[in-house]
Amino acid sequence: MFRKCLRASVSPAADGNKEFMKIGVLALQGDFLEHKVILQKLGVETIEVRLPKDLAGLSGLIIPGGESTTIGKLAVAFGLMEPLRHFAREFPVWGTCAGAIFLSQNAKKEQPLLKMMDITVERNAFGAQVDSFEADLDIDELKKATGTDDPFRAVFIRAPIIESVRGNARVLSRLADGRIVAAIEGHLLATSFHPELTKDTRFHQYFLSLCKK
Amino acid sequence: MEATTGTFAVKKGLAQMLKGGVIMDVVTPEQAKIAEEAGACAVMALERVPADIRAQGGVARMSDPELIIAIKEAVSIPVMAKCRIGHFVEAQILESLMIDYIDESEVLTPADEEHHILKHNFTVPFVCGCRNLGEALRRVGEGAAMMRTKGEAGTGDVVEAVRHARTVLGEIRRIQNMPEEELMAYAKNIGAPYELVKETASLGRLPVVNFAAGGIATPADAALMMQLGVDGVFVGSGIFKSGNPGKRAAAIVKATTHFRDASILAEVSKNLGEPMVGRNVSQMPESERIAGRGW
């Protein structure tokens with residue numbers, strides 16, 4: 001018991017205040033618990049965000065995979081659109097798959113979008129579920145940020161591609177055929193794959209490094 | 001950078017994307033659009049909802065591929081379709097239609113009274129029904145990438161869904177507290193693969209996503225199942241057999257997200273119109289119950 005208290009009081013300073021950082025995961029629908037499990041493994045306090053009030057005191061937010069139309073409709077119904085945009089102007093936000101679609105400027109379909117990242121996405125770009133796949137990605141920025149050299153095993157589920165990036169948005173990763181699957185714009189991050197479905201925590205570490213800045 | 005399709009991670013992954021959501025039975029492209037508009041995370045395409053299958057009787061089979069394709073073209077969310085238990089050719093046909101998930105379902109008339117489909121043989125993922133942990137892990141052993149508790153489909157009576165969810169989740173709680181040497185005998189007694197029993201005990205949950213199904217008809221029913229510990233809900237006859245399907249569907253979606261917030265549940269439950277009439281399962285003769293199908 002004593003040791004536990006000691007650790008809790010000592011380690012934050014030693015660990016760059018990581019444990020004081022609270023990260024939200026948008027919990028309207030989708031695989032938010034998978035993100036939560038990885039963040040907890042990394043020692044970060046995690047909050048499920050379902051209503052605007054849940055955003056208070058967060059240092060960053062993850063918008064999980066799921067169905068982007070469902071997430072968008074629920075965000076509209078519970079008054080989250082403007083609070084989320086306001087949050088994203090100030091703090092880091094990372095969208096995986098449906099989350100990336102939700103952050104985009106344009107998804108080429110009529111559906112609620114935050115329009116915070118200057119990217120156009122194509123939904124279900126690889127086809128139906130039978131075309132869902134896994135592939136290794138070499139992401140230089142991720143390797144640099146985490147000091148590792150292994151490729152990242154990325155899981156794509158009925159995944160979107162990032163068709164184009166404009167303005168301040170830039171490409172973070174491409175498939176072998178050149179299609180864009182990750183982009184960054186300031187402190188906003190979009191990936192068409194799901195690091196939360198793997199045991200590799202490097203992408204979450206990379207996102208946390210954005211939240212600490 | 002070689003891409004691999006059809007891995008178990010990818011099959012299970014789609015079910016993980018459906019979590020916290022509502023999958024709705026639809027019988028026309030128009031209903032599919034209403035479901036998508038209401039916030040469904042997927043739809044189940046079929047010719048008749050379970051309540052009508054019950055009422056009309058006869059042999060219930062896979063739906064007409066043309067209907068399934070029309071529903072698939074109407075929406076951007078994933079589309080599931082049902083095949084009969086053990087009918088692997090119906091499953092092959094559904095896979096060729098590029099359906100997103102196959103439900104090997106007791107709601108249709110079983111084609112095999114001893115064996116289920118060997119689901120590892122397919123690239124498309126499968127969801128199957130269960131009433132208890134043994135049944136769930138036998139299906140996972142055959143390759144199911146998602147489970148749903150069976151409930152009693154087409155009744156609008158949630159009692160069986162509760163019974164099956166409590167049974168599965170209760171058995172998981174029990175094996176979590178067992179010393180490891182007792183797991184082999186337990187696996188033998190429930191007829192489940194030993195390795196999966198061990199994995200479930202250490203995970204403290206099924207190795208795949210687990211939804212509730214069979215009798216959910218109101219926002220409160222959906223929230224009840226979520227609070228009991230399932231990952232999401234299927235609503236079959238409960239929506240399109242009710243007075244105002246669009247409104248009820250949207251309310252059930254909201255209730256599934258805010259399942260612990262009673263004031264939101266009260267708000268979304270207001271003025272939904274007539275629920276489906278429903279049938280009391282406890283007064284139903286054994287011969288009319290379908291949850292017993294599956295081995």
Report summary line: Nearest heavy-atom contact between B:Cys41 and A:Gln29 is CB-NE2, 3.7 Å
Query raised in the report: A:Glu34 versus chain B, heavy atoms under 4.5 Å apart: side chain, backbone, both or neither?
Result: side chain
Report summary line: Correct closest heavy-atom pair for A:Ile157 and B:Gly13 would be CD1-CA, 3.7 Å
Query raised in the report: For the atom pair NZ (B:Lys254) and CG (A:Leu28), what is the distance rounded to the nearest 0.5 Å?
Result: 12.0 Å
Requested in this report: Could you have a look at B:Ile99, B:Ile77, B:Val124 and say which one has the most heavy-atom pairs with chain A under 4.5 angstrom?
Outcome: B:Ile77
Report task. Can you sort out the partners of B:Phe126 under ring pair (Phe, Tyr, Trp, His ring centres under 6.0 Å), two or more places apart, ordered by chain and number? Result -> B:Phe122
Report summary line: Those residues of residues 47-82 of chain A that come under 4.5 Å of chain B on a heavy-atom basis, listed by number, are A:Arg50, A:Leu51, A:Gly65, A:Gly66, A:Glu67, A:Thr69, A:Thr70, A:Lys73, A:Leu74, A:Ala77, A:Phe78
Query raised in the report: By a 4.5 Å heavy-atom criterion (distance strictly below it), what part of A:Ala98 contacts chain B: side chain, backbone, both, or neither?
Result: neither
Query - A:His86 atom NE2, over 12 foreign heavy atoms within 6.0 Å - result: no
Report summary line: Among residues 16-26 of chain B, residues within the sub-4.5 Å heavy-atom range of chain A, in order of number, are B:Gln16, B:Met17, B:Leu18, B:Lys19, B:Gly20, B:Gly21
Query raised in the report: Crowded around A:Arg166 CZ? As in, over 12 foreign heavy atoms under 6.0 Å?
Result: yes
Report summary line: What one should report as the nearest heavy-atom pair of B:Ala3 and A:Ala135 is CA-CB, 4.2 Å
Query raised in the report: Side chain, backbone, both or neither: which part of A:Val155 has a heavy atom under 4.5 Å from chain B?
Result: side chain
Query - Flag if over 12 foreign heavy atoms under 6.0 Å of CZ, B:Arg166 - result: no
Query raised in the report: Any chance CD of B:Glu66 has more than 12 other-residue heavy atoms, nucleotides or ligands included, within less than 6.0 Å?
Result: no
Query raised in the report: What's the shortest heavy-atom distance between A:Phe133 and B:Thr5, and which atoms?
Result: CB-CG2, 3.9 Å
Query raised in the report: So do A:Gln129 and B:Pro78 actually touch side chain to side chain, heavy atoms under 4.5 Å?
Result: no
Query - Proximal to chain B - members of residues 187-200 of chain A, heavy-atom separation under 4.5 Å - result: A:His194, A:Glu196, A:Leu197
Report summary line: Heavy-atom nearest pair, A:Arg158 first then B:Ser76, reads NH2-O, 3.4 Å
Query raised in the report: Of the backbone (N, CA, C, O) and the side chain (C-beta and beyond), which part of B:Ala15 lies under 4.5 Å from a heavy atom of chain A, both, or neither?
Result: neither
Report summary line: Counting heavy-atom pairs under 4.5 angstrom with chain A, the leader among B:Val79, B:Thr123, B:Asp231 is B:Thr123
Query raised in the report: Are any of the side-chain heavy atoms of B:Met98 and A:Asp131 separated by less than 4.5 Å?
Result: yes
